[in-house]
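Here the structure is a predicted model, which is why all the values come from computation and not from measurement. To find a chain, count down the sequence lines: A is the first, B the second, and so on, and within it residues start at 1. FYI, side chains are in, hydrogens and waters are out, and symmetry mates aren't considered; it's all heavy atoms of this structure.
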Amino acid sequence: MNDAKSSNTFRDRRIEKMEAFRRDGGDPYPARVLRSDANRDLQKEFAGLAPDTVAERRAQVAGRIQSIRNDGMFIDIFDGTDRLQLFTDLKTAPPGIKTVLKALDLGDFVGASGRVRRTRRGELTLNVEAMTLLAKALLPPPEKYHGVTDTELRYRKRYVDFLASADSRQILLTRYKLISAVRSFLTSEGFLEVETPILQPLYGGATAEPFRTHHNTLDMDLYLRIAPELYLKRLLVGGVSDKIFELNRNFRNEGLSTRHNPEFTMLEVYQAFADAATMMDLLERMMAFAIESATGATLVKLGDTEIEIKPPFPRLSMIDEASRALGVDFRNESDVAKLRSPVASKLKQEVDKQATWGELVALVFETRCEAKLIAPTHVVDFPADISPLAKRSAADPRIAERFETYCFGMEIANAFSEMNDPLAQRRILERQVEAARHNKDLNKQVDEDFLEALEYGMPPSGGLGVGIDRLAMIAAGVSSIREVIAFPTVRPI
RNA sequence: GAGCGCGUAGCUCAGUCGGUAGAGCACGUGACUUUUAAUCACGGGGUCGUGGGUUCGAUCCCCACCGCGCUCACCA
């Protein structure tokens with residue numbers, strides 16, 4: 001893989017060309033740009049223009065050269081909105097235009113002005129009356145037909161991927177439209193977007209390995225947050241608003257996969273005086289709205305599988321599904337000792353001796369059921385012992401007031417009626433820290449400040465977390481999280 | 001972390017049962033000129049991922065390493 005500065009005949013030729021252009025009095029990187037119309041707007045405005053006719057209207061356009069045909073007679077430019085064809089009659093072109101044409105290569109940015117017309121072949125075209133080089137590209141774009149397909153190059157040099165591939169751009173566009181739609185949906189529902197620390201002195205709100213960093217002046221270790229949850233709950237205590245959300249980056253120092261990136265975008269929503277059921281309804285409406293806004297349809301497709309994102313989503317009981325998948329009755333048998341060995345033998349894997357009832361249920365569910373949930377599905381009946389920040393069900397203390405939502409076999413949302421009993425929360429968090437120490441993780445600490453906040457009283461609230469990257473994968477119909485991240489984490493060479 | 005696969009021109013890819021390599025696009029020169037993956041002719045371009053080993057000879061076989069992908073594990 002050549003780096004940009006290494007000797008490269010393509011680059012050398014372009015630099016020579018640029019110097020020749022300078023000698024002719026041209027500026028390859030002018031400061032001023034004139035542009036009256038975006039290509040998309042012209043395409044729209046002249047959609048009805050008949051073939052082989054010239055409009056009265058003049059336009060000034062700009063864009064990157066995607067294709068040059070007939071020695072510059074036809075040039076396709078792309079300006080971030082749409083393509084447009086430029087036409088220059090080489091026989092009659094004035095010297096000014098010819099000087100610019102001589103300097104051009106694929107990938108350069110040019111500006112042009114002239115009359116709009118539609119060619120005999122039906123292509124909307126600008127008859128060039130003046131042309132300016134706007135920015136010289138020193139490196140050539142990738143192959144014009146196949147673009148870049150080498151995955152390594154695509155992820156390492158995303159700018160090359162995007163400039164060469166409309167598909168790659170479209171995927172990212174879908175992601176950003178989705179995010180924008182999520183924000184406007186929540187705002188229209190009366191939620192306030194808030195911000196909480198990404199640099200945290202203690203990490204919590206999820207179980208994951210954090211990234212560590214250090215503040216020099218305070219001489220203090222800090223963690224990049226693995227979740228914003230504990231700070232958002234402090235805001236609920238403070239009563240800044242009864243409905244809040246944060247949509248931002250979390251960081252987890254775990255493995256990379258097609259579904260995991262070390263930094264990922266998470267939405268967390270909290271609503272005071274509400275519960276998990278409120279969140280379920282909110283999530284369904286939000287997903288339907290966001291996906292339709294981002295894609296123009298409620299139907300999404302991944303490979304050959306097509307599903308509709310349309311509320312209400314079906315619900316499944318995690319306990320019943322796990323029981324059914326393994327032929328073990330988790331609902332009526334809570335004695336871990338009696339469950340461990342049948343689970344281990346049927347899953348054909350070892351089961352941790354410390355595993356709790358809920359951990360067994362979750363293990364079975366994750367290995368046997370999760371991947372099969374293709375259409376959006378809420379999984380309810382979550383064991384309480386794997387839900388440290390959720391309230392317990394009044395009907396069955398083994399179960400938490402919690403659900404997770406799955407789609408295309410991925411977990412995309414997690415919600416509960418938030419635990420707001422400070423003493424119960426303390427017992428749970430202290431036990432977690434103990435367990436972490438048992439596993440030689442000495443960094444895990446109880447967040448005393450969070451517990452103190454709870455002691456001032458947190459309103460009963462529903463909370464919802466949504467993996468935005470995964471939602472974007474669903475909207476865009478891609479199977480790797482890297483496709484929906486502009487610059488995914490890659491190993492440096 | 002484990003298994004499998006991949007790495008050849010700027011890009012997309014062939015290929016050599018071991019004798020230092022080809023095509024298309026892109027690039028250069030010329031022709032043509034209302035094309036749209038423009039066309040035609042000619043030409044330049046390669047440490048065949050890196051380092052070792054086997055061999056008279058390695059891009060090809062073997063080993064190690066680097067990078068990437070997939071699957072599994074990990075990851076509530």
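Heavy atoms of A:Thr151 sit under 4.0 angstrom from primed sugar atoms or phosphate atoms, though from no base atom. Note on A:Glu366: only backbone sugar-phosphate atoms sit closer than 4.0 angstrom, heavy atoms only; bases stay farther off. A:Ser257 comes within contact range of no nucleotide atom at all, as no heavy-atom separation falls under 4.0 Å. As judged by a 4.0 angstrom heavy-atom cut-off over every strand, A:Gln66 is placed among residues making no nucleic acid contact. Heavy atoms of A:Glu143 sit under 4.0 angstrom from at least one base atom. Within 4.0 Å (heavy atoms only), A:Phe382 reaches no atom of the nucleic acid at all. Heavy atoms of A:Pro141 sit nowhere under 4.0 angstrom from any nucleic acid atom. Residue-level contact check: A:Glu411 touches the backbone only, with heavy atoms under 4.0 Å from sugar-phosphate atoms and none from bases.
The separation between A:Phe162 atom CZ and B:C11 atom P is 18 Å, rounded to whole Å. For the pair A:Arg118 CZ and B:U36 P, the computed distance is 17 Å after rounding to whole Å. A:Leu363 has its CG atom 15 Å from the P atom of B:C72, to the nearest Å. The distance from atom CD1 of A:Ile65 to atom P of B:U36 is 19 Å, rounded to the nearest whole Å. Rounded to whole angstrom, the span from the CG atom of A:Leu90 across to the P atom of B:U34 amounts to 10 Å. One atom, CG of A:Asp89, and another, P of B:U33, lie 12 Å apart when rounded to the nearest Å. Between A:His260 atom NE2 and B:C72 atom P there is a gap of 12 Å when expressed in whole angstrom units.
When Watson-Crick and G-U wobble pairs are counted only if both distances are under 3.5 Å, B:A73 pairs with no nucleotide at all. Pair check for B:A31 finds B:U39; Watson-Crick or G-U wobble, both atom distances under 3.5 Å. If you check B:C13 for Watson-Crick or wobble pairing at under 3.5 angstrom, you find it paired to B:G22. With both pairing distances under 3.5 Å, B:A64 is matched to B:U50 as a Watson-Crick or G-U wobble pair.
For A:Arg482, a side-chain nitrogen or oxygen approaches OP1 or OP2 of B:G69 to under 4.0 Å. Of the side-chain N and O atoms in A:Thr149, one or more sit less than 4.0 angstrom from OP1 or OP2 of B:U12. Side-chain nitrogen and oxygen atoms of A:Ser67 include at least one within less than 4.0 Å of the OP1 or OP2 phosphate oxygen of B:A38. Close to B:G67, at under 4.0 Å from its OP1 or OP2, lies no side-chain N or O of A:Arg156. Under 4.0 angstrom from either OP1 or OP2 of B:A26 there lies at least one side-chain N or O belonging to A:Lys144. Distances shown here put a side-chain N or O of A:Arg491 below 4.0 Å from the OP1 or OP2 atom of B:G67.
A gap of 10 Å separates the C1' atoms of B:U20 and B:C48, to the nearest Å.
Donor-acceptor pairing under 3.5 Å is lacking for the side chains of A:Asp275 and A:Ser417.
Interatomic distance, A:Ser461 OG to A:Met419 CE, rounded to the nearest 0.5 Å: 13.0 Å. Here CD1 of A:Ile412 is found 11.5 Å from CG of A:Leu267. Values are rounded to the nearest 0.5 Å. Of the inter-residue distances, the one linking A:Asn261 atom CG with A:Asn250 atom CG reads 12.0 Å to the nearest 0.5 angstrom.
Between A:Phe10 and B:G10, no base-stacking contact is recorded for ring centres under 5.5 Å apart and planes less than 30° from parallel.
Shown here is A:Arg331, whose CZ atom has more than 12 heavy atoms of other residues, nucleotides or ligands within 6.0 Å.
No donor-acceptor contact under 3.5 Å links the side chain of A:His146 to the base of B:C11. Looking at A:Glu152, its side chain has no donor and acceptor atom pair within 3.5 Å of the base of B:G69.
Cation-pi geometry between A:Arg117 and A:Phe87 is met: under 6.0 angstrom from the ring centre, within 45 degrees of the axis.
Relative ring orientation between A:Tyr406 and A:Phe365 is described as perpendicular, the plane-to-plane angle rising above 60° on a 0-90° scale split at 30° and 60°.
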